[in-house]
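Working notes, structure below.
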Amino acid sequence: MQEKLKKFFSSYINKESFFLDKKLLTHNYIPDKILHRDEQIMSIAKVLAPALKLEQPSNLFIYGTTGTGKSVVIKHIFSELKSTNTTNLKPVYINCKLKKTADTEYRMLAYILRELNFPVPETGLPTESLYNKLFELIDEKEQIILLALDELDALVKKIGDGLIYNLTRINTELKNAKISIIGISNDLSFTDDLDPRVRSSLSEEEIIFPPYNALQLKDILQQRAKIALKPGVCSEGVIEKCAAIAAQEQGDARRALDLLRVAAELAERNEDKKITEKHVDLAEQKLELDRVTELAKTQPRHSQLTLYSILKLFEKGKDQILTGDVYEVYLSLCKRNGYKTLTQRRISDLISELDMLGLISTKVVSKGRYGRTREIRLAIAKKSFDILKSTFSNMFET
DNA sequence: CCTCCACAGGAAGCGCAGGAGT
DNA sequence: ACTCCTGCGCTTCCTGTGGAGG
């Protein structure tokens, strides 16, 4: 047995990897050349260019679905700006969706302050004082702050538009410095919820990122594959297939890269000679599975119990699962496992959270005489369902 | 046409943890 | 040590509502 293990490890080390540099196939990597986004890059550059002369650029609103290159383009432009002028121009990029980082007003301000080299505690201070601090800090000298708020829709959905409103108001009071806000969103409809004043000031300029089509995705993949994979390891049609799948799903480049990377990993692990279309299929399954299990595992306990309740009901073959049913199962599940039960109101919120995570899909329906409730359906593949269910049944008494 | 179910989902507020100022 | 502030998870109480059955 140990001999076998030794052999395995040594062959593993000596085995030729498919990758030259795996990092280049992740979405954290920002390529030097961004394909098929010239138009958008130039438009943004035109809007932001006045900053180089210390004139305040217009606020900018960028819209496009996931994986259309919004973040990459902004990061790219920011790093270019940083290399041209560092003293009076301060680009700050914030992803509002990062939990525990920038998902509340306080944390957002704290994050901005930290970016400006002014550390603040995670909690404890009145939010008001953070505004004052920010104001002082920025107005110290003549400068332009470029504030890119990625996934802005998530933030607004959670805490409203007060923060943006305050930021734009600060602007009018600043003497030396100016703030320009670049809002990035993958949901256009969210501007409906904004205060009209906020909306109009935020979208002084608007730029739309259209989804990539299959051909463009293919270009992007080829560009990356060239530097990330060894030549000749991809079979005919692999890149095309990744591109086609991703193109079907809203032209998401991130997805395309994930597919290719995981397909390569699977092929390598399986000691196959080449990456084939079959590996892409497997990669698609694996990505879904990983996403779902990771999501489910990191949920707080009562969310897990709620999800498990839904899984159990689903397994029983119920065609329509309602909030009340879920709550009943949840109660008995809690009882058997010795957990304190939460109220139905709370469970209702947990259900909509699970919905937002994309694990289930819910629809509010009216059943006339029999009330108004949510109809819950699972939004995961069969295989993920099985694995989730067995994970949970190991965690909890059933 | 009216009723009334079974919830949705808003509002307020509570208790806790955790940091700052004093 | 004490007070004041925050976010967060949660409860309590509440008003709102689409449509089947009367």
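Reminder, nothing fancy here: chain letters follow the sequence lines and each chain counts from 1.
- If you check the side chains of Arg255(A) and Thr66(A), you find no donor sitting under 3.5 Å from an acceptor.
- The CD1-P distance, from Ile351(A) to dA8(B), rounds to 7 Å in whole Å.
- Mapping Gly368(A) and Thr323(A) onto DNA chain B by nearest heavy atom places Gly368(A) at the nucleotide closer to the 5' end.
- Taking atom NE2 on His302(A) and atom P on dC8(C), their separation rounds to 19 Å, with Å as the unit.
- Between Thr343(A) and the phosphate of dT11(C), there is a side-chain N or O to OP1/OP2 separation shorter than 4.0 Å.
- Ring geometry for Phe392(A) against Tyr308(A) counts as tilted: the plane angle lies between 30° and 60°, on a 0 to 90° scale.
- Within the 4.0 angstrom heavy-atom criterion, only backbone atoms of the sugar-phosphate kind lie near Thr341(A); the bases stay farther away.
- Judged by distance alone, with hydrogens and angles left aside, Arg372(A) brings no side-chain donor or acceptor close enough to the base of dG19(C) to form a pair under 3.5 Å.
- Following rounding to the nearest Å, Tyr370(A) (OH) and dC4(B) (P) show an atom-to-atom distance of 15 Å.
- Summarising the geometry, the separation between CD on Gln344(A) and C1' on dC13(C) is reported as 15 Å, rounded to the nearest angstrom.
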Query raised in the report: Going through the distances and angles, do Ser352(A) and Arg374(A) end up as a side-chain hydrogen bond (donor to acceptor under 3.5 Å, both in side chains)?
Result: CA-CA 10 Å; Ser352(A) 33; Arg374(A) 268 199 193 100; 3.3 Å; yes

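- An OP1 or OP2 oxygen of dC10(C) is reached within less than 4.0 angstrom by a side-chain nitrogen or oxygen of Arg346(A).
- Rounded to whole Å, the distance from CD on Glu375(A) to P on dG19(C) is 13 Å.
- With dA6(B), dT11(C), dG9(B) as the candidates, the nucleotide lying closest to the side chain of Val364(A) is dG9(B).
- Remark: Arg37(A) is positioned above the aromatic ring of Tyr212(A), its terminal NZ or CZ atom under 6.0 angstrom from the ring centre and at most 45 degrees off the axis.
- Between Leu350(A) and Gly371(A), the one whose closest nucleotide on DNA chain C sits nearer the 5' end is Leu350(A).
- Looking at the side chain of Arg369(A), the nearest of the listed nucleotides dG21(C), dG9(C), dG19(C) is dG21(C).
- When the P atom of dC8(C) is taken as reference, atom CG of Leu342(A) falls 18 Å away, rounded to whole Å.
- Taking 4.0 angstrom as the limit, Arg374(A) places a side-chain polar atom (N or O) nearer than this to OP1 or OP2 of dG9(B).
- Across the protein-nucleic acid pair, Leu354(A) atom CG and dA8(B) atom P stand 13 Å apart, rounded to whole Å.
- In terms of heavy atoms, Ser309(A) sits closest to Val326(A) at CB-O, 3.9 Å.
- Residue-level contact check: Ser366(A) touches the bases, meaning some heavy atom is under 4.0 Å from a base atom.
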